[in-house]
Colleague: 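One structure, as structure tokens, below. Some questions next.
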2 protein chains.
Amino acid sequence: MELDERKLKILQAVIKTYLETGEPVGSRTISKMPDLNLSSATIRNEMADLEELGYIIQPHTSAGRIPSDAGYRLYVDQMMAEKALKREEEEERQEEHDALLAKVDRLEHLLQQVAKVLAYNTNYATMVTAPNYKNTKVKFIQLSQVDEQQLLAVIVVEGNVIKNKMIKVEEPLANDELLKFNVLLNSFLTGLSLQEINLELIQTMKQQAGMHAVLLEHIFEGVMDAVRSAEELEVYTSGANNILKYPELGDANKASELLEVLEEKKALNQLIESTGDDADNQYGIQVYIGDETPIQTMNDCSLVTATYELEEGVRGKIGIIGPKRMDYDKVVTTLKNLTNELDTIFKNKT
Amino acid sequence: MELDERKLKILQAVIKTYLETGEPVGSRTISKMPDLNLSSATIRNEMADLEELGYIIQPHTSAGRIPSDAGYRLYVDQMMAEKALKREEEEERQEEHDALLAKVDRLEHLLQQVAKVLAYNTNYATMVTAPNYKNTKVKFIQLSQVDEQQLLAVIVVEGNVIKNKMIKVEEPLANDELLKFNVLLNSFLTGLSLQEINLELIQTMKQQAGMHAVLLEHIFEGVMDAVRSAEELEVYTSGANNILKYPELGDANKASELLEVLEEKKALNQLIESTGDDADNQYGIQVYIGDETPIQTMNDCSLVTATYELEEGVRGKIGIIGPKRMDYDKVVTTLKNLTNELDTIFKNKT
DNA sequence: TGTTAGCACTCGAATTGGTTGAGTGCTAAC
DNA sequence: GTTAGCACTCAACCAATTCGAGTGCTAACA
């Protein structure tokens with residue numbers, strides 16, 4: 001059996017109405033559509049075929065049909081393909097800037113705000129990861145004496161992300177020693193990516209410095225800590241409550257598990273990092289349906305991810321989590337516009 | 001009518017069993033308790049009285065009784081009074097340290113961890129506010145040249161909380177100018193509390209400095225920004241999913257509203273700041289039942305707050321949100337132990 | 001006077017049975 | 001290949017019924 005033109009049309013009709021209503025779709029509903037002029041009986045035959053092909057499912061004998069994961073998949077693929085064609089015409093129309101985003105300054109706040117706005121606009125749960133700094137380079141590094149017993153290490157990496165670390169010392173450093181340290185640190189580390197700063201390098205630095213070893217050790221440890229904390233990926237979430245708005249997810253147990261995942265930043269990070277590369281399609285937008293999602297808890301959900309770029313090579317991800325019957329079209333469009341908007345914001349800023 | 005000894009006992013029995021079961025408590029259940037030897041009929045009479053006094057409620061004619069807010073109130077007050085008496089004996093027994101908290105270093109992470117552990121231990125939703133820095137003093141302040149067009153302002157306040165701010169400049173400052181600035185800033189601002197740094201002060205500083213006004217303006221603005229951002233209160237939440245575990249809150253609408261509040265940090269802050277001062281009782285623990293909670297959305301919940309002290313005068317709050325029939329005893333004990341533990345951690349640390 | 005046994009009563013919750021109607025699959029005719 | 005028609009299925013809904021936990025009240029008892 002083949003999926004001919006007509007079957008496809010019927011399938012799309014089923015899915016579309018199911019997305020709208022959330023209830024199983026019967027043959028009569030479809031037959032009444034003006035688009036394709038067929039009796040309910042014919043539709044029934046076709047629907048039986050579609051079920052055999054695995055695109056739709058009957059919850060019970062005397063009910064209408066709902067899309068299977070495979071059905072959604074087909075639908076989404078189709079949609080994405082269409083979007084790819086329409087691309088040029090639309091490109092110009094997305095000028096309206098979101099006032100909510102414009103005035104935010106600090107990256108953390110911006111990303112949190114992005115998650116919030118997105119959740120508000122789509123009515124789904126959202127998450128935004130901070131960009132991965134591993135590939136960014138150290139721009140500036142500085143030790144200062146805060147008080148008798150404490151040094152402060154400040155590290156700025158490209159993208160103007162700032163990390164701080166307090167370092168305890170037994171006794172204050174002399175001014176010229178501090179200066180020496182700063183010169184040393186800067187000359188060695190500036191321009192390196194965080195990835196390239198490793199123990200080996202530190203060793204050679206130590207040899208070069210040739211100063212009181214214990215103190216040195218301590219300070220380097222602190223600096224390394226700061227570097228490491230810059231690598232830590234932050235995740236911002238919003239709209240968790242939206243999950244409860246969809247009855248198919250709203251049962252207390254499932255919803256509770258989902259919420260738990262949304263709180264568990266590590267899991268989230270893994271989740272969103274395990275989604276494929278943006279190279280897969282021209283918008284960097286990917287759709288995971290049901291079992292395709294990387295986490296078991298989300299098997300009743302769909303996940304749509306997009307990639308934004310803070311600057312060359314420094315990327316973060318945006319994710320939207322909703323029921324399988326989410327409004328894929330709207331979500332994809334919104335994400336597309338949003339990433340564009342972020343692009344312009346970042347390009348003007350940095 | 002009076003609330004005599006026996007009535008009180010019965011009331012407590014009703015509340016206790018209701019806390020455990022979550023279902024209306026009938027007269028027979030109480031009469032079977034070994035503690036007070038009375039027939040169900042007598043209990044019924046007493047319960048009728050208790051209802052008239054407003055301590056318990058009958059959901060419908062042929063059901064048992066559940067506590068009213070007033071009933072809970074009485075129960076909690078009683079409990080707190082008892083705890084106050086038992087205080088000394090217990091004091092020594094709370095030595096077991098929570099391994100999960102010991103190794104955390106940065107304050108943000110520690111507080112987040114506190115929220116998490118607390119949520120895990122109690123099965124309620126939790127929130128922890130970062131301490132209020134308004135009263136803390138500036139310890140250290142520094143401007144550095146990061147690159148051609150950017151200055152970095154770093155401010156450290158007591159409690160070792162660090163704030164950063166990037167400041168754009170048209171052209172790089174000369175080294176001696178920068179030095180001058182730093183001296184100026186430090187001499188004026190160090191030792192002041194964040195509250196005391198205001199426009200007036202800035203004005204006098206400007207006059208003193210007497211340099212190119214525009215640049216100055218810019219820099220001060222940046223510094224002020226950093227100061228302001230230090231004032232911003234952070235709130236860490238955890239265990240939001242626990243809300244769904246209690247049927248009386250689990251209906252989709254209410255739960256959704258609650259979750260929304262938990263996400264809205266500003267609202268949370270207001271909420272927890274509006275709770276009274278810790279002076280009210282010796283543990284700094286307060287219980288808000290039903291309508292007593294400061295937010296309408298929480299009228300079906302109870303809120304228990306505690307205060308911790310990072311150092312003299314620098315305090316934050318911890319809140320636990322659960323159903324009205326939460327296990328007050330456990331919650332209060334847990335909070336008491338936790339604040340003690342935090343005390344020892346902070347005293348060893350700083 | 002306080003306590004208790006007994007009893008009629010109430011009312012939500014659970015069970016049952018019947019009805020409805022949306023939807024199906026199949027067959028036969030067009 | 002399409003469609004009208006028909007028998008069939010089954011969740012959803014509703015009403016009637018039962019069940020039982022719990023009540024309030026009264027009368028008897030200590």
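Just so it is clear, the structure is predicted and the values come from calculations on it, not from any experiment. So that the names make sense, note that chain A is the first sequence line, chain B the second, and so on, each numbered from 1.
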Colleague: What is the distance, rounded to the nearest whole Å, between atom CD1 of B:I30 and atom C1' of D:dT23?
Modeller: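 Going from CD1 in B:I30 over to C1' in D:dT23 covers 15 Å.
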Colleague: Going by purine N1 to pyrimidine N3 plus the second Watson-Crick contact, or the G-U wobble pair, all under 3.5 Å, which nucleotide sits opposite D:dG24?
Modeller: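 Across any shown strand, D:dG24 pairs with C:dC7.
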Colleague: Looking at B:K324 and B:D300, is there a salt bridge between them, counting it only when a charged N and a carboxylate O are closer than 4.0 Å?
Modeller: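 No, B:D300 and B:K324 are not salt-bridged.
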Colleague: Hey, does A:T42 reach any base, or is it just sugar-phosphate, or nothing, if we go heavy atoms under 4.0 Å?
Modeller: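 Answer is base: heavy atoms of A:T42 come under 4.0 Å of a base.
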Colleague: Within the side chain of B:K245, is there an N or O that forms a donor-acceptor pair under 3.5 Å with the backbone of A:A252?
Modeller: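 A pair under 3.5 Å: no.
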Colleague: Has A:T333 got a side-chain atom pairing as donor or acceptor with A:D329's backbone, closer than 3.5 angstrom?
Modeller: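 Pair found, side chain donor or acceptor close to backbone of A:D329.
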Colleague: Starting at CD1 of A:I43 and ending at P of D:dA4, how long is that distance when rounded to a whole Å?
Modeller: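 Value for this atom pair: 12 Å.
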Colleague: Looking only at atom types and distance, does a side-chain atom of A:T126 sit under 3.5 Å from a main-chain N or O of A:A115, one as donor and one as acceptor?
Modeller: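 It does hold such a pair.
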Colleague: If you check the A:A48 side chain, which of D:dT3, D:dT23, C:dG25 turns out closest?
Modeller: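 Within the option list, the nearest is C:dG25.
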Colleague: When the distance from NZ of B:K7 to P of C:dG2 is rounded to whole Å, what number comes out?
Modeller: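 The distance from NZ of B:K7 to P of C:dG2 comes to 10 Å, rounded to the nearest Å.
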Colleague: Would you indicate, yes or no, if D:dT23 has its OP1 or OP2 atom less than 4.0 angstrom from a side-chain nitrogen or oxygen of B:S27?
Modeller: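 Answer yes for this pair, as a side-chain N or O of B:S27 is under 4.0 Å from OP1 or OP2.
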Colleague: B:E23 CD to D:dG22 P: how many Å, rounded?
Modeller: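 Atom-to-atom, B:E23 to D:dG22, this comes out as 9 Å.
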Colleague: Would you please confirm or rule out a distance under 4.0 Å between OP1 or OP2 of D:dT26 and any side-chain N or O of B:R44?
Modeller: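 No.
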Colleague: Give B:A41 one of three labels, base, sugar-phosphate or nothing, depending on what nucleic acid heavy atoms sit under 4.0 Å from its own.
Modeller: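 Here B:A41 touches the bases of the nucleic acid.
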Colleague: Kindly indicate whether the side chain of A:S62 and the base of D:dT9 share any N or O donor-acceptor pair separated by less than 3.5 Å?
Modeller: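 Checked by distance alone, the answer is yes.
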Colleague: Check whether any side-chain nitrogen or oxygen of A:R28 sits under 4.0 Å from OP1 or OP2 of D:dT3, and answer yes or no.
Modeller: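 Looking at the OP1 and OP2 atoms of D:dT3, neither is under 4.0 Å from any side-chain N or O of A:R28.
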Colleague: To the nearest angstrom, how far is A:N45 atom CG from C:dT24 atom P?
Modeller: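 Between P of C:dT24 and CG of A:N45: 11 Å.
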Colleague: Rounding to an integer number of Å, can you tell me how far A:I57 CD1 sits from C:dT24 C1'?
Modeller: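 Result: 17 Å.
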Colleague: With the threshold set at 4.0 Å, does a side-chain nitrogen-carboxylate oxygen contact exist between B:D69 and B:R73?
Modeller: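 No, B:D69 and B:R73 are not salt-bridged.
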Colleague: Verify the contact: side-chain N or O of B:S39 to OP1 or OP2 of C:dT4, cut-off strictly under 4.0 Å; return yes or no.
Modeller: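 For C:dT4, OP1 or OP2 has a side-chain N or O of B:S39 closer than 4.0 Å.
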Colleague: For B:S40 and B:H60, find the nucleotide of DNA chain C closest to each by heavy atoms; which residue's nucleotide sits nearer the 5' end?
Modeller: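 Checking each residue's closest nucleotide, the 5'-ward one belongs to B:S40.
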Colleague: Applying the Watson-Crick and G-U wobble criteria at under 3.5 Å, what pairs with D:dA12? Answer none if nothing qualifies.
Modeller: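 Across all strands, the one nucleotide that pairs with D:dA12 is C:dT19.
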Colleague: Between D:dT23 atom P and B:E46 atom CD, what is the distance in whole Å?
Modeller: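 Taking CD of B:E46 and P of D:dT23, I get 13 Å after rounding.
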Colleague: Report the nucleotide, chosen from D:dC10, D:dT3, C:dT10, that has the shortest atom-to-atom distance to any side-chain atom of B:T61.
Modeller: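 Comparing D:dC10, D:dT3, C:dT10 against the side chain of B:T61, the answer is C:dT10.
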Colleague: May I have the distance from B:I66 (atom CD1) to D:dT23 (atom P), rounded to whole angstrom?
Modeller: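 Roughly 13 Å, once rounded to whole Å.
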